[in-house]
Novice: 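Pasting a structure here, questions to come.
None of these values were measured; they are calculated from a predicted model.
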Amino acid sequence: MLSGQIIGYLGSDARTTTKGCAFNVSTKQRIGNEETTLWISCYLNYNSRIIDYLKTGTLVYVTGELTISTYDKGEGEIIPSVCVSVNKIELLSSKPINK
């Protein structure tokens with residue numbers, strides 16, 4: 001089993017599925033001088049009222065079991081694919097404030 005912790009912003013409102021809810025979290029990572037965004041698909045496998053608070057731009061802390069693979073977009077462009085089966089989720093804040 002591979003488990004992980006993720007802190008990132010929701011890219012869109014969470015959606016209800018037949019088994020719970022699903023949402024995407026974006027995280028920034030720096031490789032050398034280049035900063036890239038990694039999107040992580042998260043699945044909460046039970047119904048919860050937290051879905052009412054999982055709105056676009058909300059900062060969340062997620063822990064759970066990770067599944068890592070790659071996706072071929074074609075023309076030789078391969079991107080990483082990370083999915084999390086959520087064990088725990090905490091709301092950290094809403095959209096960042098620009099000063």
Novice: How far does NZ of K73 sit from CD1 of I78, to the nearest 0.5 angstrom?
Specialist: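 Result: 12.0 Å between the selected atoms.
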
Novice: Please check if Y71 and W39 belong to a single hydrophobic cluster, counting links between Ile, Leu, Val, Met, Phe, Trp and Tyr side chain heavy atoms closer than 4.5 Å.
Specialist: no

Novice: For the CD atom of Q29 and the OG1 atom of T36, what is their distance to the nearest 0.5 Å?
Specialist: 4.0 Å

Novice: Checking T27 against I7 for the side chain to side chain contact (heavy atoms under 4.5 Å, CB included) test, could you report, in this order, the C-alpha distance in whole Å, the side-chain angles of both residues, the deciding distance, and whether it holds?
Specialist: CA-CA 7 Å; T27 62; I7 296 176; over 6 Å; no

Novice: Can you tell me if OH on Y61 sees more than 12 non-hydrogen neighbours from other groups inside 6.0 Å?
Specialist: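 Yes, enclosed.
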
Novice: Check step by step if salt bridge (Lys or Arg N to Asp or Glu O under 4.0 Å) holds for E90 and K88.
Specialist: CA-CA 7 Å; E90 291 182 30; K88 178 182 176 183; 3.0 Å; yes

Novice: What are the two closest heavy atoms between C42 and V86, and how far apart are they?
Specialist: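 That closest heavy-atom pairing would be CB-CG2, 3.9 Å.
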
Novice: For residues N24 and I40, determine if any side-chain heavy atom of one lies less than 4.5 Å from a side-chain heavy atom of the other.
Specialist: no

Novice: Passes side chain to side chain contact (heavy atoms under 4.5 Å, CB included), I89 versus T63? Steps please.
Specialist: CA-CA 7 Å; I89 183 168; T63 64; over 6 Å; no

Novice: Out of curiosity, L66 CG to S85 OG, how far, rounded to the nearest 0.5 Å?
Specialist: 10.0 Å

Novice: Assess whether atom CD of E35 is packed by more than 12 heavy atoms of other residues, nucleotides or ligands within 6.0 Å.
Specialist: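 Yes.
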
Novice: Tell me, please, which residues at least two apart from Y43 pass side chain to side chain contact (heavy atoms under 4.5 Å, CB included).
Specialist: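 For Y43 the side chain to side chain contact (heavy atoms under 4.5 Å, CB included) partners, ignoring immediate neighbours, are A22, S41, N45, C83.
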
Novice: Is the closest side-chain heavy-atom distance between V25 and L10 below 4.5 Å?
Specialist: yes

Novice: Honestly curious: do V62 and I68 fall in one hydrophobic cluster under the side-chain, below-4.5 Å linking rule?
Specialist: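 As far as the 4.5 Å side-chain criterion goes, I68 and V62 are connected within one cluster.
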
Novice: Please answer: with hydrophobic residues joined when any side-chain heavy atoms are less than 4.5 Å apart, are F23 and L38 in the same cluster?
Specialist: yes

Novice: Is the closest side-chain heavy-atom distance between T70 and I79 below 4.5 Å?
Specialist: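 A side-chain contact under 4.5 Å is absent here.
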
Novice: From I51 CD1 over to R15 CZ, what is the distance, rounded to the nearest 0.5 angstrom?
Specialist: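 Result: 9.5 Å between the selected atoms.
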
Novice: Are any side-chain N or O atoms of D13 and backbone N or O atoms of K55, one a donor and one an acceptor, separated by less than 3.5 Å?
Specialist: no

Novice: Would V60 and Y9 show up in the same hydrophobic cluster when neighbours are defined by side-chain heavy atoms closer than 4.5 Å?
Specialist: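 No.
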
Novice: Over all heavy atoms of both residues, which pair between E65 and N87 is shortest? Give the atoms and the distance, please.
Specialist: N-ND2, 4.2 Å

Novice: Check whether any side-chain heavy atom of T58 lies under 4.5 Å from a side-chain heavy atom of L91, and answer yes or no.
Specialist: yes

